[in-house]
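Have a look at the structure below before the remarks.
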Amino acid sequence: MSSEAFVTLATNDNYAIGAMVLASSLRKVGTQKHLFILITDNVSDKIREVLNKFFDTIQLVNLLKSPDPKILEALKRPELSVTLTKLYCWKLTQFTKCIFMDADTLVVQNIDELFERQELSAVPDIGWPDCFNSGVFVYQPSEQTFNNLIEMAARDGSFDGGDQGLLNQYFSDWSTKDIDHHLSFIYNMTLASTYSYLPAFKRFGKNVKVIHFLGSLKPWYCSYNASTKKLNTFIGNDHAREFIEKWWQMMVDNVHPVIEQLNIVGSMSSMAISNPNQPSSSITTTTADDDRYQAWQQGQMDYLGADSYDNIQKRLDQSIHGQQ
Ligand SMILES: O=c1ccn([C@@H]2O[C@H](COP(=O)(O)OP(=O)(O)O[C@H]3O[C@H](CO)[C@@H](O)[C@H](O)[C@H]3O)[C@@H](O)[C@H]2O)c(=O)[nH]1
Ligand SMILES: [Mn+2]
């Protein structure tokens, strides 16, 4: 077994779909590295079956039942539970070096060269470039580091309530200590950069190796027409659209056939690709009925049903009008 791995995390079926697309994209660019996913109880059995086809190892972690008192102490802050799950990647000491990638990333060129970098290497966050973005990072598994991180989470919390704040607190000299720990932006290009610095994107965009769909508009919330290879509705610039369509094309070409082969589309009563911020009833697509199944066969996949546009619109309204 290779001693180096790409590691991701999914705590629900939505992110698991993202993880499958990520894994497909990694294989498509020819990596031979181990593909590893951490999941929690909430990932459905059907989706786990599909994940098996994409990942070499699926590891279930269940923090809530963890016997470790330090973890339970930290879990008094429920919003940290997902954060702590990501930290579990440090426990994979069967590997000497790993690259953690968020489930909302897509690889478009081989990135195996990152295994030559040291812990902790990452890309500056475009919101505050003295902090790194924790969507892609090179690290070295270690029980000691894991314990230190959990201790810090329990003691100090995280300044942004997520793993990114905590990791930046822990690796606090990242921005000043060693420039070799700064990865090029091409390893974690966030879509917002196509809005905030378009000329740079036009000049360097072709070099991009990893796209990160950071923020609340995840590709799986968009509705895509596989016949026209276009998003059905999309508010945003053409570059962002192009990347989301790339994600969807990977989904249609590599993930959907596996789901179909396992006969999940026909047998599932509902496929809950839902947004945790919205009531799930309004955005659950029932795939069992014949009409939906036929639509799938014709490439008309609309995971979120007709309501997806409304939900995106609502979220955009919230950000434009500043309502939380
Ligand atoms: O309900 C959830 C939420 C997140 N994740 C996993 O955690 C990652 C991070 O969440 P994400 O929604 O991708 O966050 P971002 O929109 O990317 O926001 C930023 O803030 C997060 C919290 O600090 C960091 O984890 C991210 O790396 C950083 O890019 C995901 O990709 C998944 O792998 C789940 O499995 N389930
Ligand atoms: Mn992310």
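Scope of the values below: all heavy atoms of this structure, side chains included, with no hydrogens, waters or symmetry mates. These numbers were taken from a predicted model, which means no experiment stands behind them. Whatever order the structure lists them in is the order used to number ligands and atoms, beginning at 1.
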is_close_aromatic(F146, Y88), centroid dist under 6.0 Å
yes

Quick look: N12 vs ligand 1, heavy-atom contacts under 4.0 Å, and the answer is side chain

N/O separation below 3.5 Å, F213 to ligand 1
no

Does Y139 have its ring centroid less than 6.0 Å away from the ring centroid of F95?
no

Do any N/O atoms on F100 end up under 3.5 angstrom from N/O atoms on ligand 1?
no

If you count the atoms of ligand 1 from 1 in the order shown, which ones are under 4.0 Å from a heavy atom of A10?
35 (O)

Look only at interatomic distance and state if G215 has a nitrogen or oxygen under 3.5 Å from any nitrogen or oxygen of ligand 1.
yes

Test item: T145 and L87 side chains (from C-beta on) under 4.5 Å apart, heavy atoms:
no

Around K97, counting heavy atoms of other residues, nucleotides and ligands shown, do more than 12 lie under 6.0 Å from its NZ?
yes

Tell me, do W174 and P124 make a side-chain contact under 4.5 Å, heavy atoms counted?
yes

Could you tell me which N, O or S atom of D102 is nearest to the Mn ion (ligand 2)?
OD2

Please work out whether the ring planes of F100 and F137 are parallel, tilted or perpendicular, with thresholds of 30° and 60°.
parallel

Taking atom NZ of K91 as the centre, report whether more than 12 heavy atoms of other residues, nucleotides or ligands fall under 6.0 Å from it.
yes

Any atoms of ligand 1 less than 4.0 Å from a non-hydrogen atom of D104? List them with their elements.
13 (O), 17 (O), 31 (O)

Would you say L9 and I37 make side-chain contact, with heavy atoms under 4.5 Å?
no

Which of the atoms in ligand 1, numbered in the order shown and given with their element, are less than 4.0 Å from a heavy-atom of K218?
11 (P), 12 (O), 13 (O), 15 (P), 16 (O)

Kindly determine whether R27 and D56 satisfy salt bridge (charged side-chain N to carboxylate O under 4.0 Å, His left out), including the steps that lead there.
CA-CA 12 Å; R27 286 294 182 231; D56 299 306; 2.9 Å; yes

Report, in ascending order of atom number, the atoms of ligand 1 lying under 4.0 Å from any heavy atom of G162.
23 (O)

Which of the ligand 1 atoms, numbered from 1, are nearer than 4.0 Å to a heavy atom of Q164
23 (O), 28 (C), 29 (O)

Side chain, backbone, both or neither: which part of N133 comes within less than 4.0 Å of ligand 1 when only heavy atoms are counted?
side chain

State the atoms of ligand 1, each with its element, that fall below the 4.0 Å cut-off from a heavy-atom position in H212.
17 (O), 29 (O)

Check whether any N or O atom of T8, backbone or side chain, sits under 3.5 Å from an N or O atom of ligand 1, and answer yes or no.
no

N/O of L214 under 3.5 Å from N/O of ligand 1, yes or no?
no

Have a look at H212 and say which of its N, O or S atoms is nearest the Mn ion (ligand 2).
NE2

If you look only at distance, which donor and acceptor atoms sit under 3.5 Å apart when one is on a side chain in residues 195-205 and the other is two or more places apart or in another chain?
| unit_1 | atom_1 | unit_2 | atom_2 | d |
| --- | --- | --- | --- | --- |
| Y195 | OH | N237 | N | 3.2 |
| S196 | OG | A192 | O | 3.2 |

Quick one: which ligand 1 atoms are inside 4.0 Å of a heavy atom on G135?
27 (O)

